[in-house]
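In what follows, a single structure is set out as structure tokens and then discussed.
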Amino acid sequence: QVQLVESGGALVQPGGSLRLSCAASGVTFSSYTMRWYRQGPEKERELVAGIASADGSTNYADSVKGRFTISRDNAKNTVYLQMNSLKPEDTAVYYCSAKMGIFAFWGQGTQVTVSS
């Protein structure tokens, strides 16, 4: 049974920081490409950041580049999203995903709210 569990979401003031975590179980974690997505209210889900399984290469949405950092710890079966200089428009439910070939899995999400 594959399970992805996100944590770390919170209410934070603009300019603040958060670190989200996504813990995976039931998978060979090191074989999966890991990604963070987000979906704000009344908005479509968008890709925020990704990190490859092989060489650990990363990619980011233009809206978060320079502010967010994705990383993974294969020994802990966990992927992280460090979020700095948060803006109100970053408010969303953040989801992690794991993909290998035709297999893809999603977590349940964690709420991030950026507001004064």
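- A distance-only check finds a donor-acceptor pair linking the side chain of R72 to the backbone of A52 [under 3.5 Å].
- Counting side-chain heavy-atom gaps under 4.5 Å among Ile, Leu, Val, Met, Phe, Trp and Tyr, the cluster of W106 also holds Y37, L47, V93, Y95.
- Once rounded to the nearest 0.5 Å, the distance linking CZ of R38 with SG of C96 reads 15.5 Å.
- Considering only heavy atoms from C-beta on, S30 comes within 4.5 Å of T28 through its side chain.
- In this structure, L11 is not a member of the same hydrophobic cluster as L86, with clusters built from ILVMFWY side-chain heavy atoms closer than 4.5 Å.
- In this structure, the side chains of F68 and D90 come closer than 4.5 Å at one or more pairs of heavy atoms.
- For S17, the side chain to side chain donor-acceptor pair (under 3.5 Å) partners two or more places apart in sequence, or in a different chain, are N84.
- Remark: L20 CG to I70 CD1 distance equals 10.5 Å, nearest 0.5 Å.
- Connection of L4 to M100 is established within a shared hydrophobic cluster, with ILVMFWY side chains joined at heavy-atom distances below 4.5 Å, either directly or through further cluster members.
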Go through the steps to decide whether D62 and K65 satisfy the test salt bridge (charged side-chain N to carboxylate O under 4.0 Å, His left out), and finish with yes or no.
CA-CA 5 Å; D62 288 341; K65 192 172 297 183; 3.6 Å; yes
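- M83 has its side chain out of reach of R67: every pair of non-hydrogen atoms, C-beta onward, lies at least 4.5 Å apart.
- In this structure, the separation between OH on Y80 and OG on S7 is 9.0 Å, given to the nearest 0.5 Å.
- Residues F105 and Y32 meet the side-chain proximity criterion, which asks for heavy atoms closer than 4.5 Å.
- L81 contributes atom CG, which lies 7.5 Å from atom OH of Y94 (distance to the nearest 0.5 angstrom).
- Side-chain contact between Q111 and T91: present, with at least one pair of heavy atoms (C-beta onward) separated by less than 4.5 Å.
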